Structures are given as C-alpha cells and as structure tokens.
Amino acid sequence: MSVDPTQALLPGRMGLLVRLQAQPGQRAALLDVLNRYTDGLAEEPGTEVFIVHLDPDDADIVWLYEIFRDENAQAEHRAAEGFATLMTEMPDLLASPPGVLRMDPLRVSMQQDVLNEDWAL
C-alpha cells in the first residue's frame with residue numbers, strides 16, 4: 001500500500017550545498033567527524049535538514065545539504081558548540097577550503113515510507 005508523500009512549501013528557508021574535499025585517504029575520518037556532529041543536531045532546532053552525501057565518482061569528496069529555518073537559524077548554527085567543535089576537528093582533514101553554494105529551498109516532497117524504513121535511526 002503506498003502512502004502519499006509528505007509535502008511542504010519552505011518559505012523563508014535558506015539552504016547550503018557544501019563540497020568537502022578530504023585529504024587523500026581521510027574521507028572515513030571526515031565522515032566520523034561529520035557523524036558525531038550530526039548526532040548533536042538536536043541542539044540546533046533551526047537546522048531543519050542536514051544530509052551527508054558520498055560522491056560516487058571521487059572517494060575524497062563529501063557533500064552536505066543543509067536547510068535552515070531562516071537566516072537567524074543559520075547564524076545560530078554557526079554559533080553552536082557542536083559547530084565550533086566541527087570547525088576545530090575538520091580543517092586538518094580537508095585538502096582545500098569547503099565550497100559553499102547558497103540556495104533558497106522552495107518545496108520538499110518526501111516519501112513517508114522513508115521515515116518508516118527499518119534502517120531509519
């Protein structure tokens with residue numbers, strides 16, 4: 001039985017697409033740092049979406065997609081203790097500065113089944 005996807009308009013949100021290039025052979029260490037950061041995102045209620053992506057074509061690249069409730073939430077994200085820790089642990093693992101692309105999300109559609117999967121955390 002299929003369920004209609006959850007859909008929402010995202011007025012006023014801001015998004016970031018971030019490209020992280022790990023030092024050769026350091027992607028696993030970078031992912032460890034990012035996973036620990038992600039585990040603490042409950043402290044940042046304005047960070048509404050944080051997705052870590054693996055690049056299928058480059059073993060040293062990690063992509064992040066983030067959505068913040070608004071500009072203030074993004075500022076709170078940068079001021080959070082977890083972000084400060086991330087910024088002290090991550091730089092030595094990177095081969096170059098992060099590439100950041102600002103986006104303004106408009107709409108999201110998410111299959112409800114994704115939230116019901118056995119592997120969901």
Side-chain angles (χ1 to χ4, degrees):
M1 171 169 94
S2 78
V3 177
D4 287 338
T6 299
Q7 302 205 28
L9 294 175
L10 302 172
R13 295 330 195 261
M14 73 160 294
L16 296 176
L17 180 63
V18 180
R19 181 182 184 272
L20 302 173
Q21 182 176 5
Q23 294 280 355
Q26 292 297 310
R27 186 168 83 171
L30 177 59
L31 290 171
D32 182 54
V33 168
L34 291 168
N35 283 323
R36 280 187 278 119
Y37 170 71
T38 303
D39 289 341
L41 277 173
E43 297 174 12
E44 295 182 34
T47 303
E48 297 179 329
V49 174
F50 188 86
I51 304 174
V52 178
H53 302 265
L54 300 177
D55 190 307
D57 299 320
D58 190 325
D60 294 325
I61 301 294
V62 175
W63 294 89
L64 306 178
Y65 182 64
E66 308 170 59
I67 297 178
F68 304 98
R69 181 181 53 246
D70 54 27
E71 299 272 347
N72 290 334
Q74 201 251 353
E76 291 168 358
H77 158 74
R78 291 184 174 272
E81 183 178 323
F83 186 79
T85 301
L86 179 66
M87 291 297 102
T88 60
E89 295 178 350
M90 190 171 60
D92 290 342
L93 301 172
L94 298 179
S96 63
V100 180
L101 175 63
R102 158 97 190 244
M103 296 182 280
D104 292 332
L106 178 62
R107 179 178 175 177
V108 65
S109 178
M110 184 170 170
Q111 297 295 332
Q112 192 63 38
D113 291 347
V114 171
L115 300 174
N116 299 329
E117 293 284 335
D118 290 338
W119 50 264
L121 299 176

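All values derive from a computational prediction rather than experimental measurement.
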Could you list the donor-acceptor pairs under 3.5 angstrom formed between side-chain atoms of residues 94-108 and any protein atom two or more places apart in sequence or on another chain?
from, atom 1, to, atom 2, distance (Å)
Ser96, OG, Gln21, OE1, 3.4
Arg102, NE, Asp104, OD1, 3.1
Arg102, NH1, Glu71, OE2, 2.9
Arg102, NH2, Glu71, OE2, 3.0
Arg102, NH2, Asp104, OD1, 2.8
Arg107, NE, Gln7, OE1, 3.1
Arg107, NH2, Gln7, OE1, 2.1

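Rounded to the nearest 0.5 angstrom, Asn72 CG and Met14 CE are separated by 11.0 Å. In this structure, CD on Glu43 lies 6.5 Å from CD on Glu81, to the nearest 0.5 angstrom. For the atom pair CG (Leu30) and CG (Asp92), the distance works out to 11.5 Å, reported to the nearest 0.5 Å. Taking CZ of Arg78 as the start and OG1 of Thr47 as the end, the distance is 10.5 Å to the nearest 0.5 Å. Rounding to the nearest 0.5 Å gives a distance of 15.0 Å between CZ of Arg13 and CD of Glu66. To the nearest 0.5 Å, the span separating CG on Asp32 from CD on Gln26 amounts to 11.0 Å.
A tilted orientation is assigned to the rings of Phe68 and His77, their planes being inclined by 30° to 60°.
At least one side-chain heavy atom of Val52 sits under 4.5 Å from a side-chain heavy atom of Leu64. Under the 4.5 Å side-chain criterion, counting only non-hydrogen atoms from C-beta, Pro5 is in contact with Gln111.
No continuous path of ILVMFWY side-chain contacts below 4.5 Å connects Leu93 to Ile61, so the two sit in separate hydrophobic clusters. Placement of Leu10 and Leu16 in two distinct hydrophobic clusters is found when ILVMFWY residues are connected by side-chain heavy-atom separations under 4.5 Å, directly or transitively. Note: the hydrophobic cluster containing Met87 also contains Val18 (ILVMFWY, side chain heavy atoms under 4.5 Å, direct or indirect links). The hydrophobic cluster containing Val49 does not contain Leu34, counting ILVMFWY residues as joined when their side-chain heavy atoms lie under 4.5 angstrom apart, directly or transitively.
Here the closest non-hydrogen pair linking Glu89 and Arg36 is OE1-NH1, 3.0 Å. When all heavy atoms of Phe83 and Tyr37 are compared, the closest pair comes out as N-CE1, 3.7 Å.
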Requested in this report: Please lay out, stage by stage, how Met90 and Leu20 fare under the test side chain to side chain contact (heavy atoms under 4.5 Å, CB included).
Outcome: CA-CA 10 Å; Met90 190 171 60; Leu20 302 173; 3.9 Å; yes
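The side chain to side chain contact (heavy atoms under 4.5 Å, CB included) test applied to Arg27 returns Ala22, Leu31, Leu54, Val62, not counting sequence neighbours.
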